[in-house]
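All of these numbers come straight from a predicted model, not from anything done at the bench. In what follows, chains are A, B, ... by sequence order, proteins preceding strands, each numbered from 1.
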2 protein chains.
Amino acid sequence: MSRVIRTAAAQMGPNPRDMPRATVVARMIALLDQAAAQGAELVVFPELALTSFFPRWFLPDQADVDAFFETEMPNAATAPLFARARALGVAFSFGYAEVLQQDGRTCRYNTAILVDGTGQIVDHYRKVHLPGHSEHEPWRPFQHLEKRYFEPGPFGFQSVKALGGRIGQAICNDRRWPETYRELALSGAEMVLIGYNTPRHYPPAPEHDHLQDFHNHLSLQAGAYANGMWVIGVAKAGVEEGCDLIGGSAIVAPTGEIVAQAATLGDEVIVADCDLDRCAEIRANIFDFAKHRRPDVYTRLAAPGIAT
Amino acid sequence: MSRVIRTAAAQMGPNPRDMPRATVVARMIALLDQAAAQGAELVVFPELALTSFFPRWFLPDQADVDAFFETEMPNAATAPLFARARALGVAFSFGYAEVLQQDGRTCRYNTAILVDGTGQIVDHYRKVHLPGHSEHEPWRPFQHLEKRYFEPGPFGFQSVKALGGRIGQAICNDRRWPETYRELALSGAEMVLIGYNTPRHYPPAPEHDHLQDFHNHLSLQAGAYANGMWVIGVAKAGVEEGCDLIGGSAIVAPTGEIVAQAATLGDEVIVADCDLDRCAEIRANIFDFAKHRRPDVYTRLAAPGIAT
C-alpha cells in the first residue's frame with residue numbers, strides 16, 4: 001500500500017496586528033483550497049498563524065497579550081477552516097497562542113495542532129525551545145519576548161499515528177536544535193511539521209543577518225538527513241508591522257534535499273509527494289539507530305545543568 | 001589575548017596497500033612543511049592516515065589485519081613526523097589503527113591523537129560510531145568491516161585544553177551524528193578535528209551516491225552551526241585501491257560557513273585563521289545552552305535500547 005502523502009506547505013504573508021482573525025482565516029481557506037486543488041492531503045500552516053507575531057512587542061498590560069491567545073480550539077474564528085478542511089477531507093496543522101487551565105492555574109503555550117481529514121485534532125504540541133528573553137530590552141529595535149508570554153512546553157516531543165504514518169510537530173526555534181529531530185525520530189516520526197516566524201534581523205548578532213536563510217535551510221536539511229525523515233518548514237514571511245520575516249518555506253526529503261521551495265514572501269502554496277517509505281533509505285542504513293547509536297556514551301545530552 | 005589558531009587541513013590522496021608507512025609519513029611531512037610555511041600552528045590529517053582504508057577488505061587472517069595496526073605511538077615510522085613538527089613548534093593530529101592491551105585483553109580501536117607544539121600527545125580519541133558491518137558480505141563491491149576490525153570507543157567524547165582553547169576530536173562517521181558535536185560542545189569544545197575516508201559509492205543505497213559531498217558538508221556545517229564551534233573536516237581522497245573516496249576537506253566557522261575548502265582529490269593543504277572567540281557569536285546567543293536547552297524533556301536521547 002502506498003504511503004505517499006501529497007503535502008502542501010502553505011506559507012503566509014504578514015498578519016498585521018489590526019487584521020481580524022476572520023480575514024486571516026479566509027486567507028488560510030484560500031490557501032487550503034489551492035492546495036486541495038493540487039491534490040494535497042495535508043496542508044501545513046505556520047507558527048502563530050492566526051495573529052501577528054506579537055512577542056515582538058512589549059505589552060505591559062496582560063489583557064493586551066491575552067487578546068492574541070485562543071481559549072478554545074476550534075473556536076468561532078477558526079470554525080470555517082475546520083469545516084472546509086473536513087468537507088475536502090484534507091488534514092492540516094497550524095500554530096496559535098493557547099491559554100488553558102491546567103492543574104488549577106493558567107498556562108500559556110506556543111502551540112501547534114494537527115487535525116486529520118475528519119476534523120479531529122490528533123496532536124497538540126507545545127513549543128519546547130522558547131527563544132528570546134523575558135524582560136523588556138529597550139535597546140532592541142523589536143523584542144523577542146517568547147520567554148515572557150509563554151511557558152516552555154512541559155510535554156517534550158512525540159509523534160502520533162496519522163495519515164498512514166507517524167507525524168511529529170515542532171515550532172520555529174525548535175528546528176535549530178538537533179535534539180528536536182532526534183527525540184521525534186526516536187518516537188518513530190517519519191515526517192515533522194515545523195512552522196516559523198523568523199526575523200531577518202537578529203539584534204544580539206546582527207553580523208549574521210545575511211545568514212538567516214542559510215541557517216534556516218541548514219537546520220531543516222540536517223534534521224531531515226540525520227534522522228531520515230520528511231521535514232516540512234513553513235514560514236510566516238514578509239514585512240509584518242515593520243519587521244522583516246524570512247520566507248524560504250521548504251519541503252525536505254529524508255536525504256536532506258529540498259524538493260519544493262517557496263519563491264515569494266507572501267501567501268504561497270508549494271506541494272510535494274512525500275513517500276514515507278523513503279525514510280528507510282536512510283534509517284535502515286547509515287542512520288540505523290538500533291545498530292549504530294551509542295546511548296551508553298552520551299553522558300551529557302540529557303544531563304541537567306550542564307553549562308559551558 | 002588573541003585566540004586565533006591558524007589551522008591547516010592536510011588532505012591526503014590515496015595510500016595504496018603496498019605503500020610503505022615511511023613513504024606516507026614523508027608525504028605527511030611535506031604537507032606539514034607547506035602548512036607551517038603558511039604560518040599554521042595546527043595541522044589536521046585524516047582518519048587512518050598511515051595506511052590504506054583496510055576495512056574495505058575482508059581479511060580472514062588476523063595477522064593481515066594486524067599489519068595495519070600500530071602497537072605504540074610514536075613509533076619508528078612516525079617518529080620523523082613528530083620530530084619535524086616539534087622542531088617547527090606545530091601541533092598536529094592524525095588517525096591510525098591502534099592496538100593496545102587493556103584490562104588484560106587486546107583492544108583494537110580506530111583512533112585519533114592530538115599532539116601539541118612540544119610533541120606531547122594531549123588527546124587520544126577512539127571512534128565511537130563505527131559504521132558498516134561485522135561479517136563478510138560478498139555481494140558488496142567492497143566491504144566496510146569497521147565493526148569487525150575495531151571495537152567501539154568506550155570512552156565517549158571529551159575535549160582537552162590545548163592551543164589556548166578547548167579542542168575535541170571525532171572520526172569520519174561520527175560527523176554524521178548530531179550527538180557527536182553536542183557531546184563535545186557540552187564538554188566545552190571550541191574546535192573539533194574530524195578526519196574521514198568516505199567512499200563515493202554506498203552499496204546499501206547507491207541511489208544516494210551523488211549526494212556524498214552534499215551529506216559531508218551538510219553534516220560538518222550543521223554540527224558547527226548548531227554548536228557554535230569550528231569544525232575541521234579532512235579527507236583521505238581519490239582512488240585508493242580501486243575505491244573512489246570523496247574529498248571536500250573543509251574548515252567550517254561557528255556560523256556553519258565553509259571558509260576554506262580543498263579543490264583536489266590529492267595531497268593538499270588549506271589554511272584558515274580560526275578565532276575561537278567567534279564561538280561566542282553563536283553560543284552566547286541563539287545556542288546559549290544553559291538558557292535554552294531542555295534536558296528535562298530529552299527523554300529518549302540517552303535512553304538505552306530505543307529502536308524504532
Side-chain angles (χ1 to χ4, degrees), chain A residues 128-131 147 152-157 166 173 176-179 181-183 185-189 202 204-205 207-208 211 214-215 218-219 221-223 225-226 255-257 281-287 289-308, chain B residues 128-131 147 152-157 166 173 176-179 181-183 185-189 202 204-205 207-208 211 214-215 218-219 221-223 225-226 255-257 281-287 289-308:
Chain A
V128 163
H129 297 100
L130 294 176
K147 285 194 192 286
F155 309 116
F157 297 98
R166 288 197 71 91
N173 179 55
R176 303 185 194 271
W177 296 83
E179 291 88 346
Y181 303 95
R182 189 64 104 219
E183 282 282 330
L186 288 169
S187 85
Y202 182 65
E207 67 274 27
H208 299 171
L211 301 175
F214 165 59
H215 286 160
L218 179 63
S219 301
Q221 293 181 274
Y225 168 59
T255 55
E257 293 167 286
E281 292 172 18
I282 299 288
R283 220 138 88 186
N285 291 310
I286 195 143
F287 293 121
F289 294 154
K291 202 165 168 184
H292 299 309
R293 286 187 86 242
R294 295 289 312 281
D296 58 310
V297 298
Y298 303 153
T299 57
R300 301 176 188 91
L301 296 181
I306 289 181
T308 58
Chain B
V128 163
H129 297 100
L130 293 177
K147 283 192 193 291
F155 308 115
F157 297 98
R166 287 197 72 90
N173 179 55
R176 304 185 192 271
W177 296 83
E179 290 88 346
Y181 304 95
R182 190 65 102 218
E183 282 283 331
L186 288 169
S187 85
Y202 182 66
E207 67 273 26
H208 299 171
L211 301 175
F214 166 59
H215 287 160
L218 180 63
S219 301
Q221 293 180 274
Y225 168 59
T255 55
E257 293 166 287
E281 292 173 18
I282 299 288
R283 219 136 92 186
N285 290 309
I286 195 143
F287 293 121
F289 295 154
K291 202 166 169 184
H292 298 308
R293 286 187 86 241
R294 295 289 313 281
D296 57 310
V297 299
Y298 303 153
T299 57
R300 301 177 189 90
L301 296 182
I306 289 181
T308 59

Contacting region of A:Phe287 [heavy-atom separation from chain B under 4.5 Å]: both
Interface moiety of B:Pro154 toward chain A, non-hydrogen atoms closer than 4.5 Å: backbone
If you compare all heavy atoms of A:Pro295 against all heavy atoms of B:Leu301, which two are closest, and at what distance to 0.1 Å? CB-O, 4.3 Å
Starting at CD of A:Glu179, measure out to CD of B:Glu179 and round the result to the nearest 0.5 Å. 9.0 Å
Which of the residues A:Ser219, A:Ala205, A:Gly153, A:Gly223 is involved in the greatest number of heavy-atom pairs with chain B at under 4.5 angstrom? A:Gly153
For chain A, which candidate among B:Arg176, B:Arg182, B:Glu183 shows the most heavy-atom pairs at distances under 4.5 Å? B:Glu183
From B:His215 atom NE2 to A:Gln221 atom CD, the distance as rounded to the nearest 0.5 Å: 9.0 Å
Would you please name every residue forming a side chain to side chain contact (heavy atoms under 4.5 Å, CB included) with A:His129, sequence neighbours left out? A:Phe157, A:Asn173, A:Asp174, A:Trp177, A:Thr180, B:Arg294, B:Tyr298
Nearest heavy-atom contact between B:Arg300 and A:Leu186 is O-CD1, 3.6 Å
Tell me, for B:Asp296 versus chain A, whether the close heavy atoms (under 4.5 Å) come from the side chain, the backbone, both or neither. neither
Provide the closest heavy-atom pair for A:Leu218 versus B:Ala222 in the form atom of the first, atom of the second, distance. CD1-N, 3.7 Å
Taking all atoms of both residues into account, what is the closest heavy-atom pair of A:Asn285 and B:Pro204, and its distance? OD1-CB, 3.3 Å
Less than 4.5 Å to any heavy atom of chain A: does that hold for the side chain of B:Lys147, its backbone, both, or neither? side chain
Looking at every non-hydrogen atom in both residues, tell me the closest pair between B:Ile282 and A:His208 and how far apart they are. CD1-CE1, 3.7 Å
Okay, B:Glu207 and chain A: the region with an atom under 4.5 Å from a heavy atom over there is side chain
Counting C-beta onward and ignoring hydrogens, is there a side-chain heavy-atom pair between B:Ile286 and A:Tyr202 closer than 4.5 Å? yes
